[in-house]
Amino acid sequence: SEPVLTTWPPLALTDPLPAPPAPPPPTTAELALFTAVVDDEDVLAIEPCYRKGLATLDCRDPMSYIKSNEKLQRVWRPFITNLGGAYVGLGADQSYSFIAEARSQWAWIFDYDPQVVRLHQLIHLLLASSATRGAFVDAFAPAQRKATRAALAAALAERPAERRALDETFRNLADRLHQHYQAEARDKPLAQGFGWLRTDAAFAYVRDLVRQGRVRVVKGNMLNDRTLPRIAAAARALGVPVRIYYPSNAEESWRLTPQYRANVAGLPFDERSVILRTQISRRFRDDEAESYWHYIVHGARDAQRRIAWPGITNVTQFMHDRLATDVELLSVIRLPARTVSEAATLGALGAP
């Protein structure tokens, strides 16, 4: 049912969902529908922009973000806990934290940076042989790297081109990734237990989902008529709503195009679905803030309706309807507070 959008608190906080059970291994038919989303090889032809940090409609950021610089993603936690459904997003390993928290049943991760795609492939191969999060982190440790490279070579023995590419990726990134994953695995009070490497349960959920083949990583461009439409078609074929769409800060890099509007409008959201995005803006933070990012949770169906309006030319315009929260760097935009059926029942009872 369509949500009724009110002020506060939203449905996610007043009626949190129970944890969905861990999904069973998918059937052959389900996997065929899921894996119908294939690589868009055209992303390899996208030229890098002339400086780091810049991305436009015609070029990609030349910097590879092998770890997220959005350090306060934990503020999204109350809005995604136990959402289930499908996850669609870009970026490096932060996607796995969202998947673990939401207990997503299916996940499509896409990126137009070939190195980020290779990083995901590397993660998936190592998850196949890592019984614990400690073992996964140790695979990047200096003392273990020779054995890790040998294991990767064996796993990719029949795919020599991919073997060479992933071996190079591992050798180039192992130091940085080991430090990053060690930090992510530590119990930090500020993290509040959020993160796919933070707890054994979160790691096990992601590992099992990957082992079952329920997480797919593809080369993809959110702006064209391939990646997001293919994901939308696959989700519909599986009968699963996309409960989280995470474009990070990519959307604010360009004016909304007709194709991107259609891509967002085509995703099968429901009344629980949210879009998680970040924006850089001094307007919504002071100079002493913990992060230069502002964190936003947007009701996905509302975003679909309004992204079709010609007057909306950039996602920053959605911020006119934001509600501030008790977290300085977090805003919510038109989240559902109750469904139409709930509103009708309450109205019949004389409730507001």
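If you read the sequence from its start, that first residue is 1, and numbering goes on from there.
- In the model, Q279 has no side-chain atom that pairs as donor or acceptor with a side-chain atom of T316 under 3.5 Å.
- The shortest non-hydrogen separation linking A139 to F170 is O-CZ, 3.6 Å.
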Can you list the steps and then say if W76 with F194 is a ring-ring contact (aromatic ring centres under 6.0 Å, His included)? CA-CA 10 Å; W76 283 326; F194 178 77; 8.6 Å; no

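- Surrounding CZ of R176 are at most 12 heavy atoms belonging to other residues, nucleotides or ligands under 6.0 Å away.
- The aromatic rings of Y245 and Y260 are tilted relative to each other, their planes meeting at an angle between 30° and 60°.
- No side-chain heavy atom of V274 sits under 4.5 Å from any side-chain heavy atom of F269.
- Counted by atom type alone, H120 and Y96 present one or more donor-acceptor pairs between their side chains at under 3.5 Å.
- The main-chain N or O of E184 is found under 3.5 Å from a side-chain atom of R198 such that the two form a donor-acceptor pair.
- When all heavy atoms are compared, the tightest approach of P20 to G84 is CG-CA, 4.2 Å.
- N263 places no side-chain N or O within 3.5 Å of a backbone atom of L228 that could act as its donor or acceptor partner.
- In terms of heavy-atom proximity, R159 sits nearest to A155 at NH2-O, 3.9 Å.
- Rounded to the nearest 0.5 angstrom, L209 CG and R103 CZ are separated by 9.5 Å.
- Judged by distance alone, the side chain of Q105 and the main-chain N or O of A22 form no donor-acceptor pair under 3.5 Å.
- Taking the side chain as every heavy atom from C-beta outward, N221 and F110 never approach each other to under 4.5 Å.
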Run the ring-ring contact (aromatic ring centres under 6.0 Å, His included) test on Y87 and W106 for me, step by step, so that the C-alpha distance in whole Å, both residues' side-chain angles and the decisive distance to 0.1 Å come before the verdict. CA-CA 6 Å; Y87 170 85; W106 299 95; over 10 Å; no

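- Rounded to the nearest 0.5 Å, atoms CD (E101) and CD1 (I244) are 9.0 Å apart.
- With respect to K52 and D61, no salt bridge is recorded, no charged nitrogen being found less than 4.0 Å from a carboxylate O.
- Side-chain N or O atoms of R214 include one that pairs as donor or acceptor with a backbone N or O of P24 at under 3.5 Å.
- Interatomic distance, R272 CZ to L335 CG, rounded to the nearest 0.5 Å: 11.5 Å.
- There is no path of hydrophobic side-chain contacts, each under 4.5 Å, that joins L223 to V43.
- Ion pairing between a basic and an acidic side chain is recognised when a charged N comes within 4.0 Å of a carboxylate O; D40 and R226 show such pairing.
- Checked for salt-bridge contact, D270 and R243 meet the test: a charged N lies under 4.0 Å from a carboxylate O.
- We find that D93 and K67 are not joined by a salt bridge, their nearest charged nitrogen and carboxylate oxygen being 4.0 Å or further apart.
- Looking at D200 and T132, their side chains never come closer than 4.5 Å, going by heavy atoms from C-beta outward.
- In this structure, CD in E30 is found 11.5 Å from OG1 in T35, a value given to the nearest 0.5 Å.
- Under 3.5 Å, the side chains of N69 and W293 contain a donor-acceptor pair of N or O atoms.
- Of the possible polar contacts, none joining the T169 side chain to the R118 backbone as a donor-acceptor pair under 3.5 Å is found.
- For the pair M319/I296, a side-chain contact is recorded, criterion being any heavy-atom separation below 4.5 Å from C-beta on.
- Cation-pi geometry between R216 and W108 is not met at under 6.0 angstrom from the ring centre and within 45 degrees of the axis.
- Note that CD1 of I333 is 10.5 Å distant from NE2 of H320, once rounded to the nearest 0.5 Å.
- Side chains of Q73 and S97: a donor-acceptor N/O pair is absent below 3.5 angstrom, by distance only.
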What's the verdict on salt bridge (Lys or Arg N to Asp or Glu O under 4.0 Å) for R306 and D302, showing C-alpha distance, side-chain angles and the deciding distance? CA-CA 6 Å; R306 293 199 293 154; D302 176 72; 3.0 Å; yes

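- The backbone N or O of I109 lies less than 3.5 Å from no partner atom in the side chain of S95, so there is not a single donor-acceptor pair.
- Checked by atom type and distance alone, the side chain of Q115 never pairs as donor or acceptor with a backbone atom of I66 at under 3.5 Å.
- Using modelled atom types and a 3.5 Å distance limit, the side chains of H294 and T278 yield no donor-acceptor pair.
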Apply side-chain contact (heavy atoms from CB on, under 4.5 Å) to residues F318 and R277 and explain how you reach the verdict. CA-CA 11 Å; F318 290 139; R277 69 168 66 94; 3.8 Å; yes

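- The structure places CZ of R163 at 12.5 Å from CG of L125, a figure rounded to the nearest 0.5 Å.
- Put simply, the side chain of N82 never gets that close to the backbone of A102: no donor and acceptor are under 3.5 Å apart.
- Residues Q179 and D175 bring no donor and acceptor atom of their side chains to less than 3.5 Å of each other.
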For I275 and Y246: C-alpha separation, side-chain torsions, deciding distance, then whether side-chain contact (heavy atoms from CB on, under 4.5 Å) applies. CA-CA 6 Å; I275 296 177; Y246 168 68; over 6 Å; no

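- Hydrophobic clustering of Ile, Leu, Val, Met, Phe, Trp and Tyr side chains at less than 4.5 Å, counting indirect connections, keeps Y65 apart from Y295.
- Of the charged side-chain nitrogens involved, none lies within less than 4.0 Å of a carboxylate oxygen, so that E47 and R60 do not count as a salt-bridged pair.
- Counting only distance, with no hydrogens or angles, the side chain of Y205 and the backbone of S104 share a donor-acceptor pair below 3.5 Å.
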Where do D208 and Q212 land on the side-chain hydrogen bond (donor to acceptor under 3.5 Å, both in side chains) test, with the steps shown first? CA-CA 6 Å; D208 292 347; Q212 289 182 4; over 6 Å; no

